[in-house]
Amino acid sequence: MLNIVFMGTPDFARESLKAIYEAGHNILAVVTNPDKPKGRGMKLIPSPVKEFAIEKNLKIYQPLKVRNNEDFIGEIKSLNPDVICVVAYGKILPKELLDIHGSLLPKYRGAAPIQWSVLNGDKETGITTMYMDVGMDTGDMILKEKVKIGEDETTGELWDKLSKVGAKLLVETLEKIERGIAPREKQGEDFNLAPMLSKDMAKINWEEMNAEKIKNLVRGLNPIMGAYSELEGKKVKFWKVNVVNLKDLSQKFPELKEYEYRMNGLAPGTVLFADEKNGLYINAIDGIIKVLEIQGENAKKMLINDYLRGNKIQAGTIFE
């Protein structure tokens, strides 16, 4: 049994805290971000990690900052932990730390490795446990576990899957550390940066993105912010889409002949078909986007057939 200080904030981290608690380790303290105001009443809401800590009557710290916070650092040092586990927290203490990273290092270093693996259309990702150092995700690796990414899997779905894999791998890592047999592997320098996502990247660029890139953008930003486009001056968010080819669409709509498709030279973003029975199909550079889930401006998320019952979209109109 190890004496552990756990640092983490979101639901992803809660899975790991729960796993090491149930494995019987002694949780000396839990460090999480301060409560955040949410909703119309701006009520302070605790993080998922704090909720678990309260449930299990664990000691909780919520410092506004960690760097140069000598009082807080002194308090943590006085607990004399064997290991400090950091999972989706983002602040570093001047001590040997054990971190869970949502990628197969060194492929993605940075704040959003899970999101970028989906945005880039990767077929595989994973979890790495590592010792943290002064660099950004450059510490020595301990254990890895590979995870396949489904063709239609969203960031949210992959996040949930990796949180469970990470929790299991953390328990295994701590067991090896406790027994003195934990491996320690240096990272190579062949890596990609995975920076925080920005709102600027959410707009679909129909003129430059091919169909697969559009699909990856949609699932990569689900459920974080949603990819969007504008139709007749109004913002429309896309939450789920698929890519279909002209042959498949021609079988569904015999009136669409391949030669007509080529001669018309339809601009990317042009609506090919839109009705509540058959759905919404949009022309892309090298394929056709079939919309499955959508959200109109100032409206709720809806399945496309439900959306089209109350929102008519004419063929030939263009998403911009």
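What you see is a predicted model; the values in this text were computed from it and never measured. Scope of the values below: all heavy atoms of this structure, side chains included, with no hydrogens, waters or symmetry mates.
- Aromatic ring centres of Phe52 and Tyr21: separated by under 6.0 Å.
- When atom types are taken as modelled, the side chain of Asn69 and the backbone of Lys65 share a donor-acceptor pair closer than 3.5 angstrom.
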Report task. Take Lys312 and Glu276 through the salt bridge (Lys or Arg N to Asp or Glu O under 4.0 Å) test and state the conclusion after the steps. Result -> CA-CA 9 Å; Lys312 301 302 180 184; Glu276 61 185 71; 3.5 Å; yes
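- Residues Ile313 and Tyr307 have side chains in contact (heavy-atom distance under 4.5 Å, counting atoms from C-beta outward).
- Between the side chain of Thr32 and the main chain of Val49, no donor-acceptor pair closer than 3.5 Å is present.
- Counting only residues at least two apart or in different chains, side-chain hydrogen bond (donor to acceptor under 3.5 Å, both in side chains) contacts with residues 55-64 comprise Asp35-Gln62, Lys50-Gln62, Tyr61-Glu75.
- Shortest non-hydrogen contact noted between Ile177 and Ala182 is CG1-CB, 3.7 Å.
- Here Asp11 does not pair with Arg14 in a salt bridge; the nearest charged N to carboxylate O distance is not below 4.0 Å.
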Query raised in the report: Yes or no on side chain to side chain contact (heavy atoms under 4.5 Å, CB included) for Leu119 and Leu197, after CA distance, side-chain angles and deciding distance?
Result: CA-CA 10 Å; Leu119 288 165; Leu197 305 184; 3.8 Å; yes
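- Annotation: side chain of Trp206 is in contact with side chain of Ile214 (closest heavy-atom distance under 4.5 Å).
- Tested against Lys215, the residues Lys290, Glu151, Lys240 include a single side chain to side chain contact (heavy atoms under 4.5 Å, CB included) partner, Glu151.
- The environment of NZ in Lys301 is crowded: more than 12 heavy-atom neighbours from other residues, nucleotides or ligands sit within 6.0 Å.
- Separating the CD1 atom in Ile294 from the CZ atom in Phe238 is a distance of 5.0 Å, to the nearest 0.5 Å.
- Across all non-hydrogen atoms, the minimal contact from His101 to Gly110 is CE1-O, 3.6 Å.
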Report task. List the steps and the verdict of side chain to side chain contact (heavy atoms under 4.5 Å, CB included) for Ile4 and Leu174. Result -> CA-CA 10 Å; Ile4 296 173; Leu174 291 171; 3.6 Å; yes
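- The CD atom of Glu320 lies 7.5 Å from the CD atom of Glu230; values are rounded to the nearest 0.5 Å.
- The shortest distance between side-chain heavy atoms of Leu272 and Leu266 falls below 4.5 Å.
- Using a 4.5 Å cut-off on side-chain heavy atoms (C-beta onward), Asn33 and Ser47 make no contact.
- When side chains are defined from C-beta on, Asn242 counts as touching Asp152, because their heavy atoms get closer than 4.5 Å.
- Taking CZ from Phe319 and CD1 from Ile204, the interatomic distance works out to 8.5 Å, rounded to the nearest 0.5 Å.
- Lys123 is not listed as a side-chain neighbour of Ile149, based on a closest heavy-atom distance of 4.5 Å or more.
- The shortest non-hydrogen separation linking Cys85 to Leu170 is SG-CD1, 4.0 Å.
- A 4.5 Å side-chain heavy-atom check between Leu221 and Tyr228 finds every atom pair outside the cut-off.
- Side-chain contact between Leu143 and Pro183: present, with at least one pair of heavy atoms (C-beta onward) separated by less than 4.5 Å.
- Every pair passing side-chain hydrogen bond (donor to acceptor under 3.5 Å, both in side chains) that includes a residue from residues 109-120 is listed here, sequence neighbours excluded: Tyr108-Asn120, Arg109-Gln187.
- Using a 4.0 Å cut-off between charged nitrogen and carboxylate oxygen, Lys161 and Glu157 do not count as a salt-bridge pair.
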Requested in this report: Test side chain to side chain contact (heavy atoms under 4.5 Å, CB included) on Ile181 and Lys176 and set out the steps.
Outcome: CA-CA 5 Å; Ile181 59 170; Lys176 290 185 180 298; 4.0 Å; yes
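- With rounding to the nearest 0.5 angstrom, the CG atom of Leu2 is 10.0 Å from the CG atom of Leu28.
- The residues Lys144 and Glu185 are annotated as not salt-bridged, no charged nitrogen and carboxylate oxygen being separated by less than 4.0 angstrom.
- A distance of 11.0 Å separates OG1 of Thr125 from NZ of Lys146, quoted to the nearest 0.5 Å.
- Here the CG atom belonging to Leu104 is positioned 6.0 Å from the CD atom belonging to Glu124, to the nearest 0.5 angstrom.
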